[in-house]
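In listed order, ligands and their atoms are each counted from 1. It should be emphasised that the depicted structure is a prediction, and the values quoted were computed from it without experimental measurement.
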Amino acid sequence: MEIGSTNWVALFRFRFMKILFLNGPNLNLLGHREPEVYGRTTLTDIEANVRKRAAQLGAGIDFRQSNLEGELVAWIQQAKGEFDVIVLNAAAYTHTSIALRDAIAGVGLPTIEIHLSNVHAREEFRHKSLIAPVCLGQITGFGPNSYILALDASINIKAK
Ligand code: DHK
């Protein structure tokens, strides 16, 4: 249906891109935890910045943290049909979790792996990411800005 130059059907179908930000274990301690590595910015501050940028870009976001592997798996599974992209800082589970990797592969949503620190410049056990092969890409080492870079990257992902 077109009235004047407005395509109302297209407008009705249009919905904002929705991005799910997931944070793994110990990220609730940001701001106090090893500040020489992770800085002084809290996860609440990061969320506020992400929400501000998302509003500018016209994207909807949900921002969650869990210390439990199973809860992260459940959230990835539930994201299907509700979110367009997952941005995942799996924290230590990055290096250990086959369960998270299988959830990402099983759900098939575009997923971006992020880290505050440059994991490749740290201990050897952090160089290996079990989730990287099933993610679109990795953003690592930009501190809180890793989240903003991932948000910008998400916006540019074309729906498959
Ligand atoms: C956070 C963690 O908690 C570590 O286990 C990862 C990641 C790196 C980060 O830099 O955001 O190795």
Side-chain angles (χ1 to χ4, degrees), residues 16-57 59-80 82-157:
F16 293 119
M17 185 171 216
K18 284 184 74 183
I19 305 160
L20 177 60
F21 283 79
L22 294 181
N23 295 280
N26 300 307
L27 293 173
N28 53 316
L29 301 179
L30 285 179
H32 315 283
R33 164 197 191 206
E34 299 177 86
E36 66 289 356
V37 178
Y38 299 108
R40 295 262 175 212
T41 310
T42 65
L43 197 59
T44 307
D45 294 335
I46 291 174
E47 177 178 352
N49 286 336
V50 168
R51 287 197 180 280
K52 206 164 139 190
R53 178 79 180 139
Q56 290 167 351
L57 295 169
I61 70 146
D62 205 338
F63 198 97
R64 307 177 193 166
Q65 188 275 332
S66 179
N67 293 322
L68 306 177
E69 187 178 25
E71 189 160 37
L72 292 163
V73 168
W75 285 339
I76 291 168
Q77 290 181 6
Q78 290 157 11
K80 187 82 185 171
E82 207 193 324
F83 293 93
D84 302 293
V85 181
I86 299 173
V87 174
L88 175 61
N89 186 347
Y93 289 141
T94 305
H95 318 295
T96 62
S97 179
I98 298 170
L100 281 183
R101 176 197 174 114
D102 287 352
I104 297 163
V107 165
L109 275 177
T111 300
I112 300 174
E113 172 185 349
I114 66 166
H115 302 286
L116 293 144
S117 63
N118 178 357
V119 288
H120 302 290
R122 298 181 62 194
E123 304 94 324
E124 193 151 354
F125 64 83
R126 293 184 207 275
H127 298 180
K128 177 79 185 165
S129 166
L130 295 190
I131 63 172
V134 294
C135 288
L136 276 184
Q138 191 186 57
I139 297 171
T140 184
F142 296 94
N145 205 32
S146 291
Y147 287 76
I148 301 297
L149 293 170
L151 175 56
D152 288 352
S154 300
I155 295 292
N156 290 304
I157 294 170

**Heavy atoms of other groups near Arg40 CZ, more than 12 under 6.0 Å** = no
**Asked** If you draw a 6.0 Å radius around CD in Glu124, do more than 12 non-hydrogen atoms from other residues or ligands fall strictly inside?
**Response** no
Check for me whether [X] has a heavy atom closer than 4.0 Å to any atom of ligand 1.
X     : value
Glu34 : no
Asn26 : no
Tyr38 : yes

**Item:** Spacing of Leu116 atom CG and Ile139 atom CD1 [to the nearest 0.5 Å]
**Value:** 11.5 Å
**Message:** Please report the interatomic distance CZ(Arg64) to CG(Leu20), rounded to the nearest 0.5 Å.
**Reply:** 5.0 Å
With heavy atoms only and a cut-off of under 4.0 Å, state how [X] meets ligand 1: side chain, backbone, both or neither.
X      : result
Arg126 : side chain
Arg33  : side chain
Thr94  : neither

If I apply the N/O under 3.5 Å rule, does [X] come out as touching ligand 1?
X      : result
Asn89  : yes
Leu27  : no
Leu116 : yes

**side-chain contact (heavy atoms from CB on, under 4.5 Å) partner of Ile86, the single match among Leu22, Ile112, Ile104, Leu136** = Leu22
**Prompt:** Only one of Leu130, Thr111, Ile131, Thr94 forms a side-chain contact (heavy atoms from CB on, under 4.5 Å) with Leu100, so which one is it?
**Reply:** Ile131
**Asked** Taking only heavy atoms of His95, which atoms of ligand 1 are found under 4.0 Å from at least one of them?
**Response** 6 (C), 12 (O)
**Complete:** Counting from 1 in the order shown, the ligand 1 atoms closer than 4.0 Å to a non-hydrogen atom of Ser117 are 8 (C), 9 (C), 10 (O)
**Prompt:** Under a 4.5 Å cut-off applied to non-hydrogen side-chain atoms, are Ile148 and Val50 in contact?
**Reply:** yes
**atom 7 (C) of ligand 1 - nearest protein heavy atom and its distance** = His115 ND1, 3.7 Å
**Message:** In terms of relative ring orientation, are His120 and His127 parallel, tilted or perpendicular, with 30° and 60° separating the classes?
**Reply:** tilted
**Prompt:** Which option out of Pro25, Ala92, Ser146, Gly39 puts a heavy atom nearest to atom 5 (O) of ligand 1?
**Reply:** Ala92
**Message:** Can a side-chain donor-acceptor contact be found between Glu113 and Ser129 if the only test is distance below 3.5 angstrom?
**Reply:** yes
